[in-house]
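Protein chains get the first letters and strands the later ones, always in sequence-line order, with residue 1 at the start of each.
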There are 2 protein chains.
Amino acid sequence: MSKAHNDSTHWRDFEKNDITHSAAHYLMAVDALRDEFGYARVTDVAEMLEVSRGAASMSISQLKKRGWITEDPHRFLLLTDEGKTMARLVEQNFRILTKFFEEVLGMSSEVAMSDACKMEHLMSLETGRRLVWLMRYILSDEGRAAKIHSVMASFRNGCESAEHCPLCEGGECLTPKGEACEFHAHSEKRKLQIEH
Amino acid sequence: MSKAHNDSTHWRDFEKNDITHSAAHYLMAVDALRDEFGYARVTDVAEMLEVSRGAASMSISQLKKRGWITEDPHRFLLLTDEGKTMARLVEQNFRILTKFFEEVLGMSSEVAMSDACKMEHLMSLETGRRLVWLMRYILSDEGRAAKIHSVMASFRNGCESAEHCPLCEGGECLTPKGEACEFHAHSEKRKLQIEH
DNA sequence: TCTCTCTGATCAGTATAGCAAACATATGTC
DNA sequence: GACATATGTTTGCTATACTGATCAGAGAGA
């Protein structure tokens, strides 16, 4: 039984991520509220995130235990240095992903932000860094960016030929369903990669 | 109070995603086991995913209720058409992301697969499709891919000048911490985007 | 037939993450 | 000082997703 193809990356590492989606948003809310109003209270965070005060109270007390949130002398919520680092990291990932989706992939602002929000806390620092490098190259020249966008647009109809599809080579057809790559529809069953 | 900057994409849509991370892996496990052995039982799925039989039993019964898993005449687990579609979609996202991280961003196989596994079930069809287009362009020419990799490598030291950083324009510095873009370290506080 | 193992389901308990409601403690106004 | 509002916590409940233990049923073998 194929059990651990890749022991360093088990599928359940997802749960053991440094920070959960909701924790990230609590931290960012405290950060943003302090920036905007100079203080942050449980009620303000609850209102901003549209959760009940009870839920905010519970979550924030957990984040206090974890050392990411404290209180200032006026008993207002305050991010610790570590909390600030986590919040900024997730925010940065969000900005990087949004920019990439919008300006490189040419997606609408809505879909770009929706996808970015879901992935922001899961993308590693490494990936974010390299995405920035890629964008620095692609977006540094308007002509280059325009070329990429126009070529990408021409790909909307899928692979026109098996011989000239650089992606499907190697046995895995990557063209999503609905725009089937008919030359590779019969591509052999993928390898067992359940555990990734 | 900034409450709903973007009603179409609330931060908690994360929870309302079509499919959860674990559900995706249960479906893929059934699919993979049937491919490899011709059948799939609760115990096999549990063993493959390294969870207890109890957990697998509970999760699979939920997936049956949702109409993604049924049983064949021999009472072995079987994906419904809808279940198959979901499983293939997530697998495809995984392959797209892994290929992008490895071959475009130049990441190690480990980090590429780890990040891809975490995001596979969250990336929209739209994003996956466009990533494929981008890769078809970039990877269709070895020279082009090599150029991108070498230019990206030259960016490892951050922005060398505020005037020539195409990314930081517009007030948000995207260069991750640790390789600070000193010209923009003072970049104004980001806009409130807690709700994305 | 009796027993043993395999299989799958169920139950108690854990952890996250939410809601609604009740509650306690402020704070502020009349 | 008394009442009313605001704020934060606690409690009971839900849902997902696990562990570990227990339990019921189906087969296989002696």
Side-chain angles (χ1 to χ4, degrees), chain A residues 1 10-30 33 37 39-66 68-72 74-78 86 90 117-118 121-122 194-195, chain B residues 1 10-30 33 37 39-66 68-78 86 117-118 121-122 194-195:
Chain A
M1 186 78 49
H10 186 273
W11 70 279
R12 257 167 65 201
D13 294 346
F14 180 77
E15 289 167 9
K16 296 175 192 70
N17 206 47
D18 291 337
I19 187 168
T20 65
H21 184 72
S22 85
H25 280 270
Y26 279 104
L27 295 181
M28 290 191 290
V30 171
L33 285 163
F37 304 109
Y39 66 89
R41 296 167 307 170
V42 171
T43 301
D44 304 322
V45 172
E47 194 182 333
M48 172 167 270
L49 296 183
E50 292 179 76
V51 297
S52 67
R53 278 180 298 147
S57 177
M58 300 286 278
S59 293
I60 286 168
S61 76
Q62 283 305 307
L63 294 171
K64 282 178 182 170
K65 279 183 197 157
R66 238 173 269 181
W68 289 342
I69 290 182
T70 32
E71 292 181 356
D72 68 14
H74 303 286
R75 313 219 338 106
F76 289 130
L77 299 175
L78 184 70
M86 297 304 297
V90 174
C117 178
K118 288 175 183 168
H121 67 297
L122 297 167
I194 300 314
E195 312 236 343
Chain B
M1 185 78 48
H10 186 273
W11 71 279
R12 257 167 64 201
D13 293 348
F14 180 78
E15 289 167 8
K16 297 176 190 71
N17 206 47
D18 289 339
I19 188 169
T20 65
H21 185 72
S22 86
H25 280 270
Y26 279 103
L27 295 181
M28 291 191 291
V30 171
L33 285 164
F37 304 108
Y39 65 90
R41 296 167 307 171
V42 170
T43 301
D44 304 321
V45 172
E47 194 182 332
M48 171 167 270
L49 296 184
E50 292 177 77
V51 297
S52 67
R53 277 182 298 144
S57 178
M58 299 284 277
S59 293
I60 286 169
S61 76
Q62 284 304 308
L63 294 171
K64 283 177 181 170
K65 279 183 197 157
R66 238 173 270 182
W68 288 343
I69 290 182
T70 30
E71 291 182 356
D72 68 14
H74 303 286
R75 312 218 339 102
F76 290 130
L77 299 175
L78 183 70
M86 297 305 296
C117 178
K118 288 174 183 168
H121 68 296
L122 297 167
I194 300 315
E195 312 234 343

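- With rounding to whole Å, B:I19 atom CD1 is found 14 Å from D:dT16 atom P.
- Rounded to an integer number of Å, the gap from NZ of A:K65 to P of D:dT9 is 12 Å.
- The CD-P distance, from A:Q62 to C:dA17, rounds to 9 Å in whole Å.
- Within 4.0 Å of A:T43, counting heavy atoms only, lie sugar-phosphate atoms of the nucleic acid but no base atom.
- If you measure from atom CG of A:L77 to atom C1' of D:dT7, you get 12 Å, rounded to the nearest angstrom.
- The OH atom of A:Y39 sits 13 Å away from the P atom of D:dA6 (whole-angstrom rounding).
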Can you list the steps and then say if B:L63 with B:Y26 is a side-chain contact (heavy atoms from CB on, under 4.5 Å)?
CA-CA 9 Å; B:L63 294 171; B:Y26 279 103; 3.6 Å; yes
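- Here C:dG8 presents its P atom at 13 Å from CD1 of B:I69, a figure rounded to the nearest Å.
- A ring-centre distance under 6.0 Å is found for A:F14 and B:H121.
- No donor-acceptor pair under 3.5 Å is formed between the side chain of A:S57 and the backbone N or O of A:R53.
- For A:R66, the side chain to side chain contact (heavy atoms under 4.5 Å, CB included) partners at least two apart in sequence or on another chain are A:W68.
- A:R12 places no side-chain N or O within 3.5 Å of a backbone atom of B:V51 that could act as its donor or acceptor partner.
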Which parts of nucleotides 17-26 of chain D does protein reach within less than 4.0 Å, heavy atoms only, written one letter per nucleotide 5' to 3' as B for base, S for sugar-phosphate only and - for none?
SSB-------
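- What separates CZ of B:F14 from P of D:dT16 is a distance of 16 Å, to the nearest Å.
- The backbone N or O of A:M58 sits less than 3.5 Å from a side-chain atom of A:S61, completing a donor-acceptor pair.
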